[in-house]
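A short write-up of the structure that comes next.
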Amino acid sequence: MAYQTALTIESVIKDIDAKKYLLPSIQREFVWSTKQIEKLFDSLMMDYPINAFLFWKVPKEKAKEFSFYEFLRDYHQRTGRHNPKANISGSDDIIAILDGQQRMTSLYIGLKGSYAYKLSYKRWDNPQAYPPRKLYLNVLAESEDNDLTYDFSFLTDTEVENMNKEKDSNGNAKYFWYKVGEILDVQEEYEVNEILIKNGLNAHPNFIFANKALFKLYGVIKKNQTISYYLEESTELDKVLNIFIRVNSGGTTLSYSDLLLSFATAQWQQRDAREELNKFMDEVNMIGRGFNVGKDIILKACLVLSGFSDISFKVDNFNRSNMLVIEQNWDELTNAFRMAVELISSFGYSRENITSNNLIIPIAYYIKLIDSPANFVTSSVYAEDRRLIKKWFIASLLNRVFSFMPDGLLKPVRTIIDNNPGKFPYEKIADYFRGTNRDILFTDDSIDNLLWTKYGTGDLLIVLSVLYPWADLKNNFHIDHIYPKSKFTTKKLAKKGIPEDKISYYIENVNYLGNLQLLEVTPNEEKNNKDFDEWLKEAFPNPDQLKVYKEKHFIPDVDLSFGNFEEFLGAREELIVEALKKELM
């Protein structure tokens, strides 16, 4: 392994574009955030070292023995996280990046691509939630971020257009966001001044800083030999894997799933492990309202569903013989896992309210054991199985049995399923863990504690699914504050005549389970911020309809006026506890 003459960033970017530089299949996927990329470019501008890279030269005659991937150019948090597979049919040798993929991809995205991450206030499955952003440098001022000196930021076209129009108190432009990638089009150094003059910045009070920033960017990208690297020329896969694992032990540490996938990729014979796993991961995560299943859960499921005695997440268990078993049974394993996710989705669950994806694995194992019947999720033949699975699933979620060391639960549950054919063995599992820290059985106290479930927490929809078994949570149901939350401010409560010594009680309890219900979208929109007793009169003028509504929503027969919130809450909580005990105990 020899140290080579350093390269400019521009030359490396050109070679990435030309597919001269690729990524080996053992490399993990891109995981850096926009903040990490911005910090990398700031480090370059400050002349800080960004560490050496490790390149692997693979002769063209050996290249076909390995799998390679192109660099990611346009990152999309939902639909564009996987590197495209490279076509290596050309006549040139391959240069693969063994160490420095995150940094190199960051440079490529910053100069030639885009980064689309989810807006926090939009739904995960909304395509409009991911506007593409390009990297810009504000040349008129230093960054206000304490971690940065130069003001780099990923921005949308609209953000740039609006911010470049802003003026300070003296009428001078506050920002001039320069698209960082455009520096690649600057042929001669003197053209940097032309950019500033063309945009009217030569008379700006901060012209000197702008001049310095753009000239510095030009030098960093096009002149400085920044990319220092070592070149490894061995084609022995074991040696390359060992080098890869060692050099990746620092920085953003390899997760076990990344490491194990490296071994899987190298040992599968008929399939491309990385492509199969990524494709399947994307598929299950698009089921229903979306899930967040990672490689580690799928790999763990493969160990459990394959029946291996040792299911520990360690390298030894991903040896060649085990990996070949998984490869040969891949379709069967993934079919059972997919069906388990579809079943959980049919219960109304998604990425928003599952606290541990490990819960999917026992369900998948059971489905595989009964030969994964195609109609398992819908047929009345399996209704009792589905009821027992849902009961176990909900109890396990609420009791957080997978909050630590999942193997301590997965192995005995697998054994119980094996030893009790005929139906999903909910009672046997409950009996086995009774009195331990994996106990899924409820007590009076644990039921009472569910009353403290609060609006906005992950457990809320789980508890509501127990109280509303008739509600199809896959469809549009809203969580509604029975007594409207908007009216629970000190000022509004006082205006409604609530005594001063009661106001704190109102405010402290408005978000708890006793004041929450599931409503279909249309009734919820019609209810809006109306007082509860007024809305009832409008929505249910027929006494029989009102009676049905009250029974379905645990509404007590007490005065429902706004001023009687405390009595209403206490009476409704009693009804809720009674219903929860009936279902969970």
Side-chain angles (χ1 to χ4, degrees), residues 4-21 23 30 32-53 55 70-75 95 97 99-115 132-143 145 147-155 160 175-199 201 207-229:
Q4 306 292 309
T5 303
L7 306 169
T8 65
I9 291 174
E10 180 185 42
S11 68
V12 171
I13 296 300
K14 285 181 179 177
D15 284 337
I16 292 175
D17 256 348
K19 311 297 188 291
K20 178 180 176 182
Y21 293 146
L23 294 167
F30 184 64
W32 273 25
S33 66
T34 54
K35 292 301 179 186
Q36 287 174 290
I37 301 175
E38 292 158 9
K39 196 169 184 178
L40 175 66
F41 275 83
D42 184 63
S43 295
L44 290 166
M45 296 282 280
M46 296 296 292
D47 295 320
Y48 294 162
I50 61 168
N51 296 331
F53 293 76
F55 294 178
E70 296 178 14
F71 276 81
L72 196 63
R73 178 166 173 160
D74 294 297
Y75 176 85
I95 301 294
I97 311 301
D99 184 41
Q101 179 226 1
Q102 302 295 321
R103 287 168 286 154
M104 196 74 84
T105 304
S106 294
L107 293 173
Y108 193 46
I109 288 174
L111 288 164
K112 300 284 282 188
S114 62
Y115 197 115
R133 300 168 182 271
K134 292 185 180 291
L135 183 64
Y136 286 85
L137 169 64
N138 175 29
V139 301
L140 292 181
E142 291 188 359
S143 174
D145 187 333
D147 286 338
L148 301 176
T149 298
Y150 288 90
D151 196 6
F152 286 98
S153 186
F154 276 89
L155 302 170
V160 170
Y175 304 98
F176 179 72
W177 290 104
Y178 178 77
K179 190 182 295 183
V180 173
E182 291 183 357
I183 203 69
L184 294 170
D185 300 325
V186 179
Q187 300 302 315
E188 300 290 342
E189 198 165 6
Y190 71 84
E191 295 176 33
V192 170
N193 272 331
E194 291 182 355
I195 295 171
L196 298 174
I197 294 169
K198 180 181 176 181
N199 288 282
L201 299 179
F207 171 75
I208 293 177
F209 180 85
N211 183 272
K212 173 189 171 185
L214 270 189
F215 270 100
K216 185 68 177 177
L217 182 64
Y218 179 91
V220 161
I221 302 301
K222 299 177 73 75
K223 292 175 63 179
N224 300 351
Q225 292 176 295
T226 307
I227 307 298
S228 302
Y229 69 101

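We number each residue from 1, following the sequence as shown. Please read these numbers as outputs of a predicted model, since none were measured by experiment.
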### Query
Roughly how far, to the nearest 0.5 Å, is CG of L107 from CD1 of I221?
7.0 Å
### Summary
Heavy-atom nearest pair, V220 first then T226, reads O-OG1, 3.9 Å
### Over all atoms of both residues, closest heavy-atom pair of R103 and I50
NH1-O, 2.6 Å
#### Entry: Short side-chain to backbone donor-acceptor contact, S153 and L155, under 3.5 Å
no
### Task
State, yes or no, whether a side-chain contact exists between L7 and D15 at a heavy-atom distance under 4.5 Å.
no
### Closest non-hydrogen atom pair between V186 and Y178, with its separation
CG2-OH, 4.0 Å
### Task
Check the pair R73, D17 against side chain to side chain contact (heavy atoms under 4.5 Å, CB included), reporting the backbone distance first and the verdict last.
CA-CA 9 Å; R73 178 166 173 160; D17 256 348; 3.4 Å; yes
### Summary
Residues I183 and K222: closest non-hydrogen pair is O-CD, 3.4 Å
### Task
Give, for atom NZ of K14 and atom CG of L184, the distance between the pair rounded to the nearest 0.5 Å.
8.0 Å
### Message
For the OG atom of S106 and the CZ atom of F30, what is their distance to the nearest 0.5 Å?
### Response
3.5 Å
### Query
So do Q4 and F55 actually touch side chain to side chain, heavy atoms under 4.5 Å?
no
### Query
Of all residues at least two apart in sequence or in a different chain, which pass the side-chain contact (heavy atoms from CB on, under 4.5 Å) check with K212?
Y150
### Message
Less than 4.5 Å apart, side chain to side chain, heavy atoms only: is that true for L44 and N224?
### Response
no
#### Entry: Any T149 side-chain heavy atom under 4.5 Å of M45 side chain
no
### Message
Can you confirm whether K216 sits close enough to D47 that some side-chain heavy atom of one is under 4.5 Å from a side-chain heavy atom of the other?
### Response
yes
### Message
Can a side-chain donor-acceptor contact be found between D99 and Y229 if the only test is distance below 3.5 angstrom?
### Response
no
### Query
So, for T8 and K223, which heavy atoms are closest and what is the spacing to 0.1 Å?
CG2-O, 3.7 Å
### Task
Check the pair F152, T34 against side chain to side chain contact (heavy atoms under 4.5 Å, CB included), reporting the backbone distance first and the verdict last.
CA-CA 10 Å; F152 286 98; T34 54; over 6 Å; no
#### Entry: Residue pair I109, L135: steps toward the side chain to side chain contact (heavy atoms under 4.5 Å, CB included) verdict
CA-CA 8 Å; I109 288 174; L135 183 64; over 6 Å; no
### Query
At what distance, to the nearest 0.5 angstrom, does CZ of F71 lie from CD1 of I16?
4.5 Å
#### Entry: With K39 via side-chain contact (heavy atoms from CB on, under 4.5 Å) - residues at least two apart
L148
### Message
To the nearest 0.5 Å, what is the distance between OH on Y75 and CH2 on W32?
### Response
14.0 Å
### Query
So, for L72 and Y108, which heavy atoms are closest and what is the spacing to 0.1 Å?
O-CD2, 3.6 Å
### Message
Quick one: does any side-chain atom of Q187 pair with a main-chain N or O of D185 as donor and acceptor, under 3.5 Å?
### Response
yes
### Task
Please round to the nearest 0.5 Å and tell me the distance separating atom CD1 of I195 and atom OH of Y218.
10.0 Å
### Query
Can you tell if the side chain of V139 reaches within under 4.5 Å of the side chain of L201, non-hydrogen atoms only?
yes
### Task
On the 0 to 90° scale, with breaks at 30° and 60°, tag the W177-Y136 ring pair as parallel, tilted or perpendicular.
perpendicular
### Query
Is there a donor-acceptor pair under 3.5 Å between the side chain of E38 and the backbone N or O of F154?
yes
### Message
Side chains of I13 and K112, heavy atoms from C-beta outward: is any pair under 4.5 Å?
### Response
yes
### Sidechain N-carboxylate O distance under 4.0 Å for D42, K35
no
